[in-house]
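Accompanying notes for the structure given below.
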Amino acid sequence: MEHKGVEMPTLHTAIRAKMGSTPYYVTTMKVSDLVQVARPASEQEEWATSGLTERLQRDLNDSRVRTEIAPYLANSPDRFFGAIILLLDAEEEPEFESFSEVAKNLPKAYRSAMAKDSFGFLTIDSGERIILDGQHRFAALREVHLARTVEGDYVKDVGDDEVTVIIVPRISTQHTRKIFNKVNRYAKNTSRGDNILTSEDDGFAILTRRLADDGGPLAGKNHKNESLVNYKNNTIAERSTQLTTLSAIYETVRIIAEHYDMADELNEKKTHVRPSEETLDQGYEHVEGWWTTVLDGMPKLKYGRDNTKLLPELRAKDADYGLLFKPATHIVLFQALSQILNADPDLNLKTAVERTYELDWKLTAPLWRDVLINSAHNILTKKENYNLAADLITYMVVGSKLPTNQIDQLRERIARARGEDESTFELPEPLA
């Protein structure tokens with residue numbers, strides 16, 4: 001359902017300002033008013049049909065708007081967006097009247113506070129209002145208020161929300177393009193680690209933080225007073241004295257939640273709001289239990305957690321359990337454990353961990369070649385490698401419990417990964 005902005009006079013209280021050569025006005029607008037007068041550049045015929053060198057906006061990702069941003073607005077009482085930058089594409093300059101011009105008898109103290117007559121009233125008589133930055137946020141606001149294609153407790157309230165709008169008069173196409181380019185170029189997305197650290201609605205993130213907080217099995221600091229868990233990077237340097245990454249823990253939490261059919265209750269993209277404390281407590285009982293069992297059932301991994309000075313040595317290429325100190329392995333390990341328990345319901349987690357620990361965890365072990373480790377003994381980071389490694393671990397632990405066709409497929413996949421003849425390649429014998 002498309003809603004085009006309309007040219008109509010509007011009056012706003014505003015702050016007038018200038019940065020470099022660019023004049024602009026800061027105001028607030030009710031969502032119900034904004035969606036009536038504005039539209040994304042991608043819906044403006046002249047801009048949408050121009051060549052790539054003239055395009056000022058990325059195409060709208062309708063799926064993201066409908067499945068992520070709009071449901072967040074419709075379901076969250078704490079919804080909040082940053083400012084939307086709106087281009088006023090008009091022949092005439094908007095009219096700005098300062099408070100001091102309108103109210104002649106303002107007290108002197110108030111007049112001095114309004115230096116350069118920056119505060120006042122902005123009248124826009126004509127012109128298109130085109131979203132220069134924030135088109136996905138705008139589209140979601142419009143989707144909730146006008147289209148009503150999403151459900152939620154706050155659908156009817158969104159229209160009365162007030163959003164900050166920065167209005168930039170059009171000077172030239174080149175000037176507008178520069179603004180768009182710089183706004184997007186210098187706007188740095190938050191890292192995955194930052195998102196996990198700060199999210200209060202993502203159940204996976206909340207449980208991840210609990211694991212690394214005081215009292216959790218991954219809490220504490222190393223001998224350098226660094227967190228045991230690296231939250232800045234998705235990988236661990238060979239000489240690092242940190243055990244794993246926040247990103248890897250997050251993935252293990254997601255795997256455990258899926259194992260217990262709790263993923264939808266914890267997934268922010270599904271719930272759009274913070275899970276209940278009861279759900280979080282139940283989820284934490286599972287994830288804490290799994291991580292504690294893994295550490296207890298894999299003594300070398302637990303030893304590394306408790307003796308951080310030795311982590312570089314434990315992670316070394318020729319170390320007996322070196323692969324266990326790679327964050328990628330933690331993700332693969334938990335995926336495999338879930339698959340093992342599904343394949344053999346008679347096994348409990350403790351036994352599954354102990355059997356898995358019997359594998360050869362050297363980085364140089366032939367078992368992992370071209371599956372999870374390349375010829376330079378580095379981790380293969382594609383998802384297909386993670387899946388292949390998890391399937392191989394599952395086979396090695398409960399091979400006899402897997403269907404014959406599943407084993408045949410695994411053999412063919414590993415043969416292809418290693419460039420060997422599928423008809424003659426043989427899998428290693430499973431553990432006894």
Side-chain angles (χ1 to χ4, degrees), residues 192-193 195-196 199 202-212 216-218 229-231 234-236 243-271 275 279-298 301 305 323-345 347-357 359 361 368 371-372 379-398 401-402 406 410:
R192 191 177 194 215
N195 291 337
I196 296 171
S199 177
D202 183 349
F204 302 144
I206 295 169
L207 297 183
T208 298
R209 294 198 300 269
R210 286 191 184 181
L211 286 170
L218 299 171
V229 174
N230 185 321
Y231 66 86
N234 294 331
T235 59
I236 288 282
L243 182 66
T244 190
T245 66
L246 202 68
S247 178
I249 300 173
Y250 182 94
E251 288 303 311
T252 68
V253 167
R254 181 186 56 77
I255 291 165
I256 298 165
E258 289 177 350
H259 184 82
Y260 291 102
D261 295 324
M262 292 189 67
D264 285 354
E265 299 173 72
L266 295 166
N267 188 344
E268 181 183 14
K269 292 183 179 180
K270 298 284 187 180
T271 64
T279 297
L280 290 171
D281 288 343
Q282 182 182 359
Y284 185 70
E285 183 177 346
H286 291 311
V287 300
E288 191 274 341
W290 274 52
W291 264 102
T292 298
T293 302
V294 166
L295 289 166
D296 288 344
M298 296 188 161
L301 185 61
R305 182 199 66 176
L323 192 55
L324 280 181
F325 295 93
K326 299 284 188 178
T329 307
H330 302 154
I331 299 171
V332 169
L333 173 63
F334 278 74
Q335 183 178 333
L337 289 171
S338 175
Q339 293 175 184
I340 289 167
L341 295 181
N342 289 333
D344 188 353
L347 280 183
N348 59 34
L349 179 63
K350 180 176 181 293
T351 304
V353 171
E354 290 171 349
R355 288 191 184 177
T356 305
Y357 190 58
L359 295 173
W361 289 104
W368 311 112
V371 174
L372 189 59
I379 293 286
L380 293 166
T381 58
K382 291 183 179 179
K383 186 176 181 181
E384 63 193 68
N385 292 105
Y386 284 25
N387 291 337
L388 186 57
D391 291 346
L392 177 58
I393 294 171
T394 303
Y395 160 78
M396 292 298 294
V397 175
V398 291
K401 299 289 184 177
L402 298 177
Q406 188 172 330
L410 176 64

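Count residues from 1 along the sequence. Here the structure is a predicted model, which is why all the values come from computation and not from measurement.
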Distance in Å, [X] [atom1] paired with [Y] [atom2], rounded so as to fall on 0.5 Å steps:
X: Leu243; Y: Leu295; atom1: CG; atom2: CG; answer: 7.5 Å
X: Leu218; Y: Ile249; atom1: CG; atom2: CD1; answer: 4.5 Å
X: Asp202; Y: Ile196; atom1: CG; atom2: CD1; answer: 8.0 Å
X: Leu333; Y: Thr252; atom1: CG; atom2: OG1; answer: 9.5 Å
X: His286; Y: Trp290; atom1: NE2; atom2: CH2; answer: 10.0 Å
X: Leu380; Y: Tyr386; atom1: CG; atom2: OH; answer: 9.5 Å

Close side-chain approach of [X] to [Y], heavy-atom, < 4.5 Å:
X: Ile236; Y: Thr244; answer: no
X: Ile256; Y: Tyr260; answer: yes
X: Glu268; Y: Ser199; answer: yes
X: Thr356; Y: Met396; answer: no

Within the distance-only criterion (no hydrogens, no angle test), does the side chain of [X] pair as donor or acceptor with the backbone N or O of [Y] below 3.5 angstrom?
X: Arg355; Y: Lys350; value: no
X: Thr351; Y: Leu347; value: no
X: Thr279; Y: Pro275; value: no
X: Arg210; Y: Tyr284; value: no
X: Thr329; Y: Leu323; value: yes

Evaluate side-chain contact (heavy atoms from CB on, under 4.5 Å) for Thr245 paired with Val229, printing each intermediate quantity in order.
CA-CA 5 Å; Thr245 66; Val229 174; 5.5 Å; no
Going through the checks in order, is the side-chain contact (heavy atoms from CB on, under 4.5 Å) test met by Asn267 and Arg254?
CA-CA 9 Å; Asn267 188 344; Arg254 181 186 56 77; over 6 Å; no
Mind checking whether Trp291 and His330 have parallel, tilted or perpendicular rings, split at 30° and 60°?
perpendicular
Nearest heavy-atom neighbours spanning [X] and [Y]:
X: Ile255; Y: Phe334; value: CG2-O, 3.5 Å
X: Ala336; Y: Thr394; value: O-OG1, 3.7 Å
X: Val294; Y: Leu337; value: CG2-CD1, 3.8 Å
X: Pro217; Y: Thr292; value: CB-OG1, 3.9 Å
X: Val371; Y: Asn385; value: O-ND2, 3.0 Å
X: Phe204; Y: Ala257; value: CE2-CB, 3.7 Å

Would you sort out whether Gln406 and Tyr395 count as a side-chain contact (heavy atoms from CB on, under 4.5 Å), showing the intermediate values?
CA-CA 9 Å; Gln406 188 172 330; Tyr395 160 78; over 6 Å; no
Could you tell me if Asn387 and Gln335 have a donor-acceptor pair between their side chains, going purely by distance under 3.5 Å?
yes
Leu359/Trp361 under side-chain contact (heavy atoms from CB on, under 4.5 Å): CA gap, chis, key distance, verdict:
CA-CA 6 Å; Leu359 295 173; Trp361 289 104; 3.8 Å; yes
Salt bridge (Lys or Arg N to Asp or Glu O under 4.0 Å) with Glu265: which residues, sequence neighbours excluded?
none
Counting only heavy atoms not in Tyr231, do more than 12 sit closer than 6.0 Å to its OH atom?
no
